[in-house]
Structures are given as C-alpha cells and as structure tokens.
**Student:** 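Below are the structure tokens for one structure; questions will follow.
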Amino acid sequence: MFIIFVLLLYLGLSNNSRLVHSPLIDKAIPDFNLPVLQSESYANSSNFPDDVFLLNIWASWCVACIKEHQVLNLINSEKKVRLIGINYKDNEDDAIGWLKIYGNPYEYNIVDMDGQLGIDLGVYGVPETFLIDKNNIIRAKYIGAISEDIYYNEILPTIEIISDEK
Amino acid sequence: MRSKIFLFSLLILISTTISYGENSKDTKLYNKIITELRCMVCQNQNIAESEAPLAVDLRNKVKTMINSGYDEKYIKKYMSDRYSDFILYDPPFRVQNILLWIGPFLFLLIIYFILFRKNIIK
Amino acid sequence: MIAYIGFFLILLAFLNALILISSKPLLSKVMPDYGSVILSSSKLLFPLILFSFISLIISFLTNDFSLKYVSSNSNSLLPYYYKISATWAGHEGSMLLWCLVLSFWTFMASVYSKDLDTDFRLKFLSIMGLLNIGFLAFLIFTSNPFEKNLSIPIDGRDLNPLLQDFGLIVHPPMLYMGYVGLSVVFSFAVTCLLKNDFKPEWAKWIRPWALMSWSFLTLGIALGSWWAYYELGWGGWWFWDPVENASFMPWLITTALIHSLITCEQKSMFKNWTILLSIIAFSLSLLGTFLVRSGILTSVHSFANDPARGAFILLFLAIITGSALILYLKNSPKMNDKTSFNFFSKESFFLINNILLVTATFTILLGTMYPLVLDILGLEKISVGVPYYNSVFLPLMIPLVFLAGYIPILFLSKKVKSHGQSKYFFISFIIIVLISLLGHSLFDVYNLSIFIGFFLFAWITLNLIYDFISKLISTGSIRFFFKNIGMFMAHLGLALFVIGATVVENNKTEKEVIMNLSEKLDVGGYSFEFVDINENMGPNYSSVIGHFRVYINNEFITDMYPEKRLYNSSEMPMTEAGIDPGFKRDLYITLGTMIDQDKWSVRIYHKPLIRFIWIGAIMMALGAILSVLMKRRNIKVVN
C-alpha cells in the first residue's frame, strides 16, 4: 500500500496537467443569438457552416491571444479549415482596432459581450478553441493558445479523420 | 483593457443586484452555492472568495438563476454540464468516486475490527 | 561576506550531524566514551544553524541582493520587520527555519533525556541526527538560501504582499515547531522498536513532547485560520484547502497519540498502536511538506514548483517512513503488548476516541489525495471541498466531542460504574434547559446544528464543572484541580471552539451589494452607512480606504475602514477587510470593485461568536502547555 502510494506521488511530480476535460465534447453547440462584429446581422447556431471548422474565443484584452494570432493567420492562409471567432467580453472598438493591427483570419466574429455564450461553452481561460464537425457537434477543445505544433500534430490529423465522416 | 472587463461584469452585477438581497432564504442559498463552486482559473478557491472576472460572472449567473427560481440541484448541474465536475466541490457519487465516498466507512469498519473486536473481553 | 559564513555554518552543521550518526557504528569499538561525542554533537547543531539563520537575517537587513533568495523576497523599501520575516517567507529560507527548529528539538531532546537509559538515549539521539542529515542535505543540495545571483540586481523583487502581515510572520515558526516536534516522538518510537519494548515510564517521558508539539500545531493552525480570515477578504476561517489539511492531519493523529499515551502509561496497553501512531504522525507532517513544496497541489499556499525538490522529499519520506514501518512489522509482534479490556471501561472509550480520530484523519487524507490520484491516473479531474467534509468528517466529530465530555470524568474517577445513570440524566436535563434559554436569548434562528453545538458545549462544560465540584467536596482539597488544570482547559477550549464554529456557520449573515456614498444597509441587526472613500499611500503600496459608520437602532457604534491595496510589486489588488471584532460577534466589511467615483461593490458580514473559534484553540494550546508544566513538577523518571 505504502509503496503504491509513494509511486503514485512520484508519477504525480511529472504530471502538470491543469487542463480539464470538457463535458461538452460530442455535444452540439449551445443555442445562441448574438450580433456579428462589424456587421448589422446576427449569428446563431443554425447558420454555422455544414463543414468542419474551428471556433476560436479571443479578446483584445487577452495577452496570450496576440501570440496565438500568428498561428491563426497561418491557419487562415493554408485554407485547410475554416475559422470563426467569438469575441469574448470585449469592447467593440477595441476588438476592431485589435484585428486591424494583428490581422483578421476569421470568416466572421460573434460578439459575446456579457460572456453568456462563454459560460455555455465552459470557457475559463481565453483563448480557447473548439473543433466543430459538419453536424455542428463539438469534437475537441483546446484550452490556451494554439501553437503551430498543436495545429499540425493534433488539430489537422483530427480534422482529416472527422472530415471523412458523414 | 482589463478595467473594461471589470466594467462589463459590473454592469451585469448592477442589473442583478437591484432585485436582490431581499429574500434571506435566497441569500442563504446563494451563499451556499457560491462557496461550493470552484473558481476554475484560480488556485483552489471557490467563486465566493475570488475576484477573478470569471468568478464574478459565475456569481452573477448563480444570482440570476436563483432569482428565476431554479433550485440548487439544477444550478449545479448547469455548471457541471459546462465546466465538468471539476467545478463542483461536492464530487458526485459515481463509479470513479465510489472509494472517496465509502472509503471512510470501510476504514472505520476495518479499524474497528482490528483494534476493538480483537481485544475486547467477552 | 556574511552569507559565506552562513553557508559555511550549514556545511559545518551537516558535518556535525554526520559525526552524530556515525559515532555509534564507528566509534563504539575504539572509543568507550563515544556517548559523549553523540551528546555534544547533538547539542552543537542548534547553535551552528542558529548563527547561520542569523546571518541570513543580516543579509536581508543589509539588502544583500547578491543573494538570489534575498533579491527575490525582499526590496529596499520593505519595512525592517518584514525584512526579518522575509527570511522565512520563501522556500529556501523556510527550509532553513525548518532545520533550525529541528536542531532546536534535537538540542532539547539531548538536554532533557538524562533520565533515559544510556543506550536508549544514544540510539534515540542518533535517529534524531539522521533526520537532521536528511533535511540539511535537502537544504544544501536543492534549496540553498545562500545561493548567489549571477549578476547583482539593483533592487529586490519585494516580498509577496500576502505575506506582509503579522499573522504570517508567526504562523510558519509555530507550525514548524509542531511538525518538527513530532520528529522527537518519531525517533523515540523507532528507538522503542529497536529495543522491542515500550515501558510505561517511557510513555510518561515522551508524552510532554507530544503535548508540546500538539500545542504548537494547534497555535500554528489557529494562526493560519485567523490570517485567512482577515486577509483573504472573504470572512472564512477554514477552507479545507489541501495545505490546511496537510497541517490538520498530523494534528488529529497527535490528538489521538496524546490520549493513547495515557493508556500506555497507566495501563501498559496499546503499546504497538501508540508506536504506530507516533510513526504516522511524523510521516504525515513529512507528507504535508512534500505536498506543499513539490507543487503537486494547486493551492493558495503552494511554493514555486521544482520537481527535484519534490523528488527529494518523497525519497526521504519513503526511506524514513518505509523503514520505520518495516521495523514496525518486524518488531512489533515481539512487544509485550497485552491489550484487552471490557466494553464499559476507560480503555474502551479511549480506543473509540482513537478510532474516530484516525478515521477522521483518513477521511481528510482521502479527500486530499483522491483528486490527485485520479488526476495522476488520467481518469478525471474532480474537486473535493466543503460539502464532502461536512457530510463525512463532521459526523465523526460529533461522537468524538461527546466523548470529550465523558472520558475525563471516567478517568479521574477510577471507577466507571459508580457514576449512576441518574446523575447523567439530571445533567442532561439541565443542559437542555440551558440550551433552550441560551439559544433563545442569543439567536433567533433554531436549527439542529446549533442545538447540537450548544448541547456538546454544555455537556463538556457542565461535566467538567460537576466533576471539579464533586472532587472538591470528596477530597476537600483543590490540589486535584491544579494537577489536571491543563486537561480542564484544553477540553473547555474544545467546547468553546465547537460553539463558535457551529454558531458562526449556521447563523452568520452575508451580503454582497452595490453601495452609493451615504447609502445605508442593514446586516444582522446593524446598520452600515457608507460615509466616504479616500486614496492613501503606504510605504510600498497605494490604496483606497472606505469609511463606514455602524449603528444599532440609530445609535452610533463604531467606524470601520475596509481597504483595497495595490502593491508596487504586484498586479493583483489585495483586500484588507475592515473588521470590528467583538466577543459576541465580528462585523466584517470588504471593498469589491469600484463602479464609479462614489459607487462600490461591497461585502458586509455579521459573524456571531467567531472569536470563540480562536479563543478555543488558544485555550487548547495553553491547556497542553500547562499540563506539561504541571507534569514536570511531579515527574519522577525513569528507568
């Protein structure tokens, strides 16, 4: 007993996962009806594309988002997967200005000013990114900034698998 | 930038606190629930203790839900459906957690037999 | 320069500890008087480490930022008293403090063990030396506080604002005195195992050490709780945080230990069990150290992560506890342990006390480790907190506290059955009447928890008083009272703690609102007026201070000044609660966030009887110290 206990603790030393498995995986995107940034229209879950896409949650006040944005721009330039943004608890002018400086890789941005959609998506550490399949089911969640490494070695392989599905 | 988030959350706070604080039963429930939900971004604090923006948001969410008449069970389920069981300081009774809940009673029984039953004069 | 001396002294101490442990195996053949080497080297450790510690304090006071530890935990603007306390605010310095405390206990053990049989004494001190070696090695190889910076910074990074506070200056030394004091008990138990015996006189000798450690642990935990109460700005006094749990577990086991030692001493029973408890108590304090230092936990208290440190402590824990347990398995059957008793006997009730305490400890261990283990196995992430402990831990405590009112009387009264049942019926009746009266006059709300709390309080108190009076009448002398004053006080402290904890948890009022200037709010029968809010500059922070006036029925009671500070070195604002302490209740205000110039979110709390929690804890600690002092007067040891 004691030995097992010590061994477990030893394993624990090298374990630093602060990530929480999202209960939303394999569930549909929650309903919402929110304005679109730089537009008069509204977005809701029914007008999401029938295609695999990434849903990225960002904000102009988020420092880690700046670094992630380079990767998002790269993803956009490769055109392998579509990218939609959720502008989370932000100010419209700040958000637009921010996109001017760092580039706009998103097809469009959903404005979640009061953070309700964030709560529904279980967002706790911006930036977060969801991988959504054709049927608008959440397939994977990435907490924290996406790196090129994550993009090439985790996201793209997963996309290849799920885009072959019906 | 950061102050703006504060401002937004505060706007909600104002809108929710106006109708709040009258009913003491609701206050008690509110205080109970917010001490039993974990602040996901903090280091082991509940959302009552933390001033992190997310904690403030979730407190308000709990407040509005109580005002709309939802009960504790519903609110906790609402939270764990979105943020996983990690947010609950009250781990649900499930297969993985079974040892956690019955462990103490098993231990009590075992130690009772080892220490007590064996040595007692009948 | 001074830092070099400090480091050199540590190396000397390490060398000295090596001499201490090796003299028995190496010198005993060639030098008949090897015992004197052990005795003097066990005494020498303390001054060596003390001077090293002082040299670290001097480095802080003289702003020696060439030291990494000083530059990352101090700042030239820091007031001098915080510079001193910064010495043990970070990991390295607190480990030095730990070693200092360990050497102090070693010193005391060496001085006060004259009465023990020589061979026993030398073995015992050698084991203490072994523990010293472990921690000194840890200090030197992984956590050297005298490490130099590669380039000398102009100024230091400042002390963590949370730690710039009186409570946290005293909290760690107290707690360490307790944790490390258990090393004496541990070494003693291991020596007993080596000797295959545990005589009643030995139990009598070791009990004061266990009591002293327990007393320090109690004070340390109470201080931590008090600090959390006024500093974390949430009005809570216990959080079931893993690190709190880490200090609470050894406390519970030591509580069991000081009780089981009584049966060892008086009845020569439960020898093996007591030895096992001693081993577990110290092992749990090592485990606590591991949990806090390794960064394996996410907790408000966690020190910076360093897997190497974690691995070292874990290895140390494995070796120390592992070998002690192996020795226990091997030698405990050889002990002459004739434990058998009737159900209605003192021993039996003592054992129930022990079983409850150990189960409670196990519950906390489970609650602390379970999420960790699930996470390590990659199964799931869960959180264990207040609701779990309320439903599993508290039910164990109620019978325990009930026994606390019952056992002392059994013990002092030699006979069990002569205490007629009618007496207890009578007492219970008075108690219940008293409860109703008290509960009614003090608190409007009736609920079962408060009822149980008052019942237990009255039960313990009345039993103690009844017992005292009946003894006074039957013996006609008050000597009996002085002999047991420590026990009386500690149990009374427990009663006060119970009443404080139940009332505050069940009858507190908390409100979180937005307040405008000059607005009034009623909380718990008091009326709070938000008068004013002003900016203020501290030595190393800027702050805003709110001003509240408190009234009862339009009659002015007091002013309160909650504060929000922004330290120069930190981005997170710190709340300094405005507290109006009182015997019957605390009023507690914290400022939340500013909405506009004269509109703030504010939290106001009314906390009835919360002071009883700490008063109770202090009485428990004092009770233990008193009983050590009283024992010392009429101790006739040993051998």
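Quick note on labels: first sequence line is chain A, next is B, and so on, each numbered from 1. This is a predicted model, so every value here is computed, not measured.
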**Student:** Is B:Leu99 close to chain C through its backbone or its side chain, or both, or neither, when contacts mean heavy atoms under 4.5 Å?
**Tutor:** both

**Student:** Is C:Val384 close to chain B through its backbone or its side chain, or both, or neither, when contacts mean heavy atoms under 4.5 Å?
**Tutor:** both

**Student:** Between C:Tyr388 (side chain only) and B:Leu100 (backbone N and O only), is there a donor and an acceptor less than 3.5 Å apart?
**Tutor:** yes

**Student:** Return the minimal non-hydrogen interatomic distance between C:Glu512 and B:Arg59, and the atom names on each side.
**Tutor:** OE2-NE, 3.2 Å

**Student:** Rounded to the nearest 0.5 Å, how far apart are CG of C:Leu356 and CD1 of B:Ile111?
**Tutor:** 9.5 Å

**Student:** I'd like to know if the side chain of C:Ser383 and the backbone of B:Ile87 have a donor-acceptor N/O pair within less than 3.5 Å.
**Tutor:** no

**Student:** Given side-chain contact (heavy atoms from CB on, under 4.5 Å), test C:Tyr370 with B:Asn97 step by step and report yes or no.
**Tutor:** CA-CA 8 Å; C:Tyr370 204 83; B:Asn97 304 337; 4.1 Å; yes

**Student:** Considering only heavy atoms, which portion of C:Phe239 lies under 4.5 Å from any heavy atom of chain B: side chain, backbone, both, or neither?
**Tutor:** side chain

**Student:** Just verifying a value: how many Å separate C:Ile352 CD1 and B:Tyr112 OH, rounded to the nearest 0.5 Å?
**Tutor:** 8.5 Å

**Student:** More than 12 heavy atoms of other residues, nucleotides or ligands under 6.0 Å from NZ of C:Lys520: yes or no?
**Tutor:** yes

**Student:** Please flag which part of C:Leu374 lies under 4.5 Å from any non-hydrogen atom of chain B: side chain, backbone, both or neither.
**Tutor:** side chain

**Student:** Specify whether C:Phe362 and B:Phe107 have parallel, tilted or perpendicular ring planes, treating 30° as the upper limit for parallel and 60° as the lower limit for perpendicular.
**Tutor:** parallel

**Student:** Do other residues, nucleotides or ligands put more than 12 heavy atoms under 6.0 Å from B:Tyr70 OH?
**Tutor:** no

**Student:** Report the distance from atom CG of B:Asn31 to atom NZ of C:Lys508, rounding to the nearest 0.5 Å.
**Tutor:** 7.5 Å

**Student:** Which heavy-atom pair separates C:Pro387 from B:Asp90 by the least distance, and what is that distance?
**Tutor:** CB-CG, 3.5 Å

**Student:** How long is the gap from CG on C:Asn390 to CD on B:Glu36, to the nearest 0.5 Å?
**Tutor:** 7.5 Å

**Student:** Please tell me if the side chains of C:Ser391 and B:Trp101 come closer than 4.5 Å, counting only heavy atoms from C-beta onward.
**Tutor:** yes

**Student:** For a quick test of reading the model, state the closest non-hydrogen atom pair linking B:Pro104 to C:Thr359 and the distance between them.
**Tutor:** O-CG2, 3.6 Å

**Student:** Relative to chain C, which segment of B:Leu88 carries a heavy atom at a distance below 4.5 Å: side chain, backbone, both, or neither?
**Tutor:** backbone

**Student:** Assess whether a salt bridge exists between B:Lys28 and C:Glu510, defined as any Lys/Arg side-chain N lying under 4.0 Å from an Asp/Glu carboxylate O.
**Tutor:** no

